[in-house]
S.K.: 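Take a look at this one; I'll ask things after.
Just so it is clear: chains get the letters A, B, ... in the order the sequence lines come, proteins before strands, and each one is counted from 1. Computed from a prediction, not measured in an experiment: that's the story for all the values here.
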Number of protein chains: 2
Amino acid sequence: MVGAVERDEVRERFRRSGYTLTSQRRAVLEALRDSEGHPSAEEVYLAAKSRNPKVALGTVYQALSVLEEIGLIEAKRWSESPVRYDVNTEPHHDIRCTRCDAVEEIPGVDLGDFAAHIRENTPYDVTSASLVIEGVCPACQTQDG
Amino acid sequence: MVGAVERDEVRERFRRSGYTLTSQRRAVLEALRDSEGHPSAEEVYLAAKSRNPKVALGTVYQALSVLEEIGLIEAKRWSESPVRYDVNTEPHHDIRCTRCDAVEEIPGVDLGDFAAHIRENTPYDVTSASLVIEGVCPACQTQDG
DNA sequence: ATCCTATAGATAACCATTCTTGAAAAAGTC
DNA sequence: GACTTTTTCAAGAATGGTTATCTATAGGAT
Ligand SMILES: [Mn+2]
Ligand SMILES: [Mn+2]
Ligand SMILES: [Zn+2]
Ligand SMILES: [Zn+2]
């Protein structure tokens, strides 16, 4: 049961942020939560439309940026792919398959005090440091050399 | 003198790759080498044009991808900025200022066996892992809160 | 019910980058 | 060197993902 507790959490975040929790935004968030991987805006749009046909692509982009702003989702970027969205807001890394475009999580790896090392070696005020990881997924490895 | 040795290196790379070293490609590379920071394609274009007016923006993009392919330069990406190009092909990290868009190098930090950690925790065949680092540069820090 | 404001949908615009195309240059061939 | 074949180039059109604009709508406050 993912339901009750998270529903309250969502309402609470919206309330605190001042944004209103509309049916479209709810559809976008639920589409994202039910999706297996880390979908693109376009994929979220298709999934959200099947829940609530009254939702436009532009609205999905806007909803995603609101959801990100209030901390319910995260955006992740790889160079050869549109932005992917992630409902898992716990710190973790994701790897993208360069052949089939799948994205999966990498458990148990922590940037740890790497950020500290960086801070020691630059006069910048470091605000973010994230890893962009790519590879070939098991399924694509077996498909050929 | 950055001249002679590197010129041979450039010629050699072009020869081995099979690409021809044209005046446009040379202008692009030299523009990049003379630039202080980590310019975008557009900035490289402006600098290259002043050396060789016979160069179009499309040609610069094409030249940059050839130069990257043969290992003379590297492309680096941040989410809020067009691709930046780097003549420093030694392994190192760069940080981008989110206020003024400047990019500078961070010396003495090595991803080290972090890549090994990642490989241990995913069934993917990891082909690349790079850090995207952002912050506020010293100049922008003093300009306000 | 009326007003008010935030949000929605539709569509146009945007921007960095890539693709297409005809022309020019290079490289082979004799 | 003339001729043919291949490659590269510059210019501009096209693309893809995303954002901005504009009008209409819905839902809460009074
Ligand atoms: Mn994830
Ligand atoms: Mn650098
Ligand atoms: Zn795959
Ligand atoms: Zn700055």
S.K.: Can a side-chain donor-acceptor contact be found between His92(A) and Asp86(A) if the only test is distance below 3.5 angstrom?
M.R.: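 Looking only at side-chain atoms, His92(A) and Asp86(A) do form a donor-acceptor pair, the distance falling under 3.5 Å.
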S.K.: Starting the side chain at C-beta, find the nucleotide from dA8(C), dC9(D), dA11(D) nearest to Ala56(B).
M.R.: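 For the Ala56(B) side chain, the nearest candidate turns out to be dA11(D).
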S.K.: To the nearest Å, how far apart are Tyr45(B) OH and dT17(C) C1'?
M.R.: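 Result: 15 Å.
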S.K.: If we count only N and O atoms by modelled type, under 3.5 Å, do the side chains of Thr122(A) and Arg119(A) hold a donor and an acceptor together?
M.R.: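 Not at all, the side chains of Thr122(A) and Arg119(A) share no donor-acceptor pair under 3.5 Å.
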S.K.: Can you find a side-chain donor-acceptor pair between Tyr19(B) and Glu69(B) that sits under 3.5 Å?
M.R.: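 Per modelled atom types, Tyr19(B) and Glu69(B) side chains form a pair under 3.5 Å.
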S.K.: Which of these nucleotides, dT17(C), dT18(D), dA8(C), is closest to any side-chain atom of Pro82(B)?
M.R.: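 For the Pro82(B) side chain, the nearest candidate turns out to be dT17(C).
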S.K.: Within this structure, what is the CZ-to-P distance between Arg26(A) and dT7(C), rounded to whole angstrom?
M.R.: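 For the pair Arg26(A) CZ and dT7(C) P, the rounded distance is 15 Å.
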S.K.: Looking only at side-chain N and O atoms, does Gln62(A) come under 4.0 Å of OP1 or OP2 in dA8(C)?
M.R.: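 So the side chain of Gln62(A) is within the cut-off, an N or O lying under 4.0 Å from OP1 or OP2 of dA8(C).
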S.K.: Which nucleotide wins on minimum distance to the side chain of Thr59(B), given the candidates dA10(D), dT7(C), dC9(D)?
M.R.: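 Per side-chain heavy atoms of Thr59(B), the pick is dA10(D).
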S.K.: CG of Leu21(A) versus P of dA6(C): gap in Å, rounded?
M.R.: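 Nearest whole value for this atom pair: 17 Å.
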S.K.: Taking atom C1' of dA6(C) as reference, at what distance in whole Å does atom CZ of Arg15(A) sit?
M.R.: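 Arg15(A) atom CZ is separated from dA6(C) atom C1' by 18 Å.
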S.K.: With sugar-phosphate meaning primed atoms plus P, OP1 and OP2, does Arg77(B) contact a base, only sugar-phosphate, or nothing at under 4.0 Å between heavy atoms?
M.R.: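 Arg77(B): no heavy atom of the nucleic acid under 4.0 Å.
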S.K.: What nucleotide, of dA8(C), dT18(D), dT8(D), holds the atom closest to the side chain of Gln24(A)?
M.R.: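 The answer is dA8(C), which lies nearest to the side chain.
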S.K.: Do Phe14(B) and Leu72(B) come within less than 4.5 Å of each other through their side chains, counting heavy atoms only?
M.R.: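 Of all side-chain heavy-atom pairs linking Leu72(B) with Phe14(B), at least one is under 4.5 Å.
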S.K.: Indicate whether OP1 or OP2 belonging to dT7(C) is found under 4.0 Å from a side-chain N or O atom of Thr20(A).
M.R.: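 True: Thr20(A) side-chain N/O within range (under 4.0 Å) of dT7(C) OP1/OP2.
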S.K.: Just how far, in rounded Å, is P of dG28(D) from CZ of Phe14(A)?
M.R.: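 Taking atom P of dG28(D) as the reference, CZ of Phe14(A) is at 15 Å.
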S.K.: Assess the side chains of Asn88(A) and Glu105(A): does a donor N or O sit below 3.5 Å from an acceptor N or O?
M.R.: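 Judged by distance alone, the side chains do pair up.
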S.K.: Without decimals, in angstroms, what is the distance between Glu80(B) CD and dA16(C) C1'?
M.R.: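 These atoms are roughly 14 Å apart.
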S.K.: Does Ser40(B) reach a base, just sugar-phosphate, or nothing at all? Heavy atoms under 4.0 Å.
M.R.: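 No contact at all - Ser40(B) keeps every heavy atom at 4.0 Å or more from the nucleic acid.
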S.K.: Name the residue closer to the 5' end of DNA chain C, choosing between Gly58(A) and Ala63(A) according to the nucleotide with the nearest heavy atom.
M.R.: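 Nearer the 5' end of the strand: Ala63(A).
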S.K.: Between dA10(C), dG17(D), dT8(D), which nucleotide has the shortest distance from any of its atoms to the side chain of Tyr61(A)?
M.R.: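 The answer is dG17(D), which lies nearest to the side chain.
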S.K.: Round to the nearest Å and state the distance from Leu57(A) atom CG to dG16(D) atom P.
M.R.: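 Spelled out: CG on Leu57(A) to P on dG16(D) is 14 Å.
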S.K.: Mind calculating the distance between CG (Asn52(B)) and P (dA25(C)) to the nearest angstrom?
M.R.: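 Computing the Asn52(B):CG to dA25(C):P distance gives 13 Å.
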